[in-house]
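In this chain, residues are counted from 1 in sequence order.
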Amino acid sequence: MGCMVSQLAAKFAFFPPSPPTYQLKKSGEDGKLTVVSAAAPIPHADDTSLDVLLVDTKHGNKIVAFYLRNPYARLTLLYSHGNAADLGQLYDLFVQLKVNLRVNLMGYDYSGYGASTGKPSESSTYADIEAIYECLETEYGVSQEDVILYGQSVGSGPTLHLAAKLPRLRGVVLHSGILSGLRVLCHVKFTFCFDIYKNINKIKKVKCPVLVIHGTEDDVVNWLHGNGLWKMARESYDPLWIKGGGHCNLELYPDYIRHLCKFIQEMESMTTEKRLKKIRQSANQSKSNTGCTCSRCCRVKCCRVKCPECSNCCCCMNVSWSINCPECCWRPSCKCCCFPKFRSCFGSICCTKWSWPSCCATKCSLSLPSCCCCYPKRARPNCCMSCFCWQCCVGKHSDGTNGKQNG
């Protein structure tokens, strides 16, 4: 049932222009592909800045792609278009973006669009964008650190699908993006198994800056979709809400190209070193959140081992003590029989479970009994063995000595 509903949803999601606005033809002895069209502006056959490609996908389809070069570009824009257009209609926009944003641009037609073979579906668009990205890597030597993914309307689906798999992308642009296919048709709070383009789940996996562009008067994909994607992104860039903008006319507003230029320039200045530094900072923050909860903690994670005689306490014998803030570390409160047993006969419990802090081994001078095989030559801390005072290990023994640990 879910598969049937998904196929039905796909029929409402894809509207390829019929007939296509362009055709491909081979010219010259080298068999170079050129574009032929009477309804849309087409590139000149001698235009060396454009490559017309036929790319094979894992579904067995051949999809058409345009690669536009800019000699001053540092980044490459991979453009996934909306559901009712093909490359013949978008060529003029591609030229403007290439020049104004100073980027190389790769645009492609989904399976079943334009001169691409096959039928459009959610899974085929995923295979399409993966094939195009692989082409960028193999044919043009573009790494993911230099790629910005751009998805318009339904193109936000394959865009976020690929972005969730590439952790080192430079950036993502969502132009009139959708939360999911079903949410475009009706307001639902749950994600169903037969829904398509579940961007609401994938946006959380994207690890690069995300720019969201949406028109406030969009009557096809409500503005709430763009707002939701922006709020759920892990690294949101300043969004562009175009007042009065619809679904297919945002490129006509001056703020559109102005805001895009600002985003591209900031992504260009974001070097790999800065990205790695930012990733390390976020990783350190996550580690500190999972460690000791005390605000004074020096980020040394305390490992508490359960007492073998009871279940309500822990033993301090296997603890990574904090040198800088001993007061915030765990203090033993167990007064059960495991301590005298441990003190009187090391053979009465499993000695291999315990390990003394290094400060005790160097501070105290008595030797362990021979019955304990795990401490054959180490010094037994007589202060701890006589009173089990944890403070001696961190320099706060009751005898008033400092007892500082050696680095």
Euclidean distance, C261 SG relative to Y256 OH, rounded to 0.5 Å
10.0 Å
Those residues at least two apart in sequence (or on a different chain) that pass ring-ring contact (aromatic ring centres under 6.0 Å, His included) with Y108 are Y110
Could you go step by step and tell me if Y67 and Y140 meet the ring-ring contact (aromatic ring centres under 6.0 Å, His included) rule?
CA-CA 10 Å; Y67 182 76; Y140 297 98; 3.9 Å; yes
Rounded to the nearest 0.5 angstrom, the NE2-NE2 distance for H175 and H247 is 7.5 Å
Just grab all the salt bridge (charged side-chain N to carboxylate O under 4.0 Å, His left out) pairs involving residues 94-115, residues at least two apart or on different chains.
R102-E268
Could you work out, with side-chain hydrogen bond (donor to acceptor under 3.5 Å, both in side chains) as the rule, every residue matching N222, not counting sequence neighbours?
none
Can you list the steps and then say if L169 with I148 is a side-chain contact (heavy atoms from CB on, under 4.5 Å)?
CA-CA 7 Å; L169 271 179; I148 294 178; over 6 Å; no
Contacts of type side-chain hydrogen bond (donor to acceptor under 3.5 Å, both in side chains), residue E139, not counting sequence neighbours:
none
Quick one: list whatever passes side-chain hydrogen bond (donor to acceptor under 3.5 Å, both in side chains) with Y197, sequence neighbours left out.
T125
Residue pairs, two or more places apart or on separate chains, that pass salt bridge (charged side-chain N to carboxylate O under 4.0 Å, His left out) and touch residues 61-70:
D51-R69, D56-K62
Are more than 12 heavy atoms, taken from residues, nucleotides or ligands other than E134, located less than 6.0 Å from that residue's CD atom?
no
Residue set satisfying salt bridge (Lys or Arg N to Asp or Glu O under 4.0 Å) with D218, at least two apart, ordered chain then number -> none
Non-neighbouring partners of T216 that pass side-chain hydrogen bond (donor to acceptor under 3.5 Å, both in side chains), sequence neighbours left out
none
Evaluation steps, side-chain contact (heavy atoms from CB on, under 4.5 Å), between L260 and I213:
CA-CA 9 Å; L260 261 181; I213 302 174; 4.2 Å; yes
Tell me, with the steps shown, if S236 and V210 meet side-chain contact (heavy atoms from CB on, under 4.5 Å).
CA-CA 5 Å; S236 299; V210 178; 5.7 Å; no
One should read off an interatomic distance between L50 CG and L53 CG, to the nearest 0.5 angstrom, of 8.5 Å
Quick test of your reading: applying salt bridge (charged side-chain N to carboxylate O under 4.0 Å, His left out), list the pairs with at least one residue in residues 78-87, sequence neighbours left out, ordered by first then second residue.
none
Sidechain-backbone polar pair: R170 side chain, M270 backbone, donor-acceptor under 3.5 Å:
yes
In this structure, which one of S123, S116, S111 forms a side chain to side chain donor-acceptor pair (under 3.5 Å) with D128?
S111
If the plane angle is over 60° it's perpendicular, under 30° parallel, otherwise tilted; pick one for Y113 and F14.
perpendicular
According to salt bridge (Lys or Arg N to Asp or Glu O under 4.0 Å), who are the partners of D255, at least two apart in sequence or on a separate chain?
R258
N/O donor-acceptor pairs under 3.5 Å from side chains in residues 223-230, not counting sequence neighbours:
residue: H225; atom: ND1; partner: L179; partner atom: N; Å: 3.0
residue: H225; atom: NE2; partner: R183; partner atom: O; Å: 3.2
residue: W230; atom: NE1; partner: Y237; partner atom: O; Å: 3.2

Salt-bridge present (R74, D146; N to O < 4.0 Å)
no
First locate atom NE2 of H214, then atom CD1 of I178, and finally report the distance between them rounded to the nearest 0.5 Å.
10.0 Å
S37 side-chain N/O to T21 backbone N/O, donor-acceptor pair under 3.5 Å:
yes
Test log, rule side-chain contact (heavy atoms from CB on, under 4.5 Å), inputs L149 and Y133:
CA-CA 10 Å; L149 300 183; Y133 174 72; 5.6 Å; no
Atom pair CE (M232) and CD1 (I200), whose distance is rounded to the nearest 0.5 Å:
4.5 Å
Output all residues satisfying salt bridge (Lys or Arg N to Asp or Glu O under 4.0 Å) with K58, sequence neighbours left out; order by chain, then residue number.
E130
State the CD1-CG distance between I257 and N100, to the nearest 0.5 angstrom.
4.5 Å
Between L105, L174, V173, which is the residue that forms a side-chain contact (heavy atoms from CB on, under 4.5 Å) with Y150?
V173
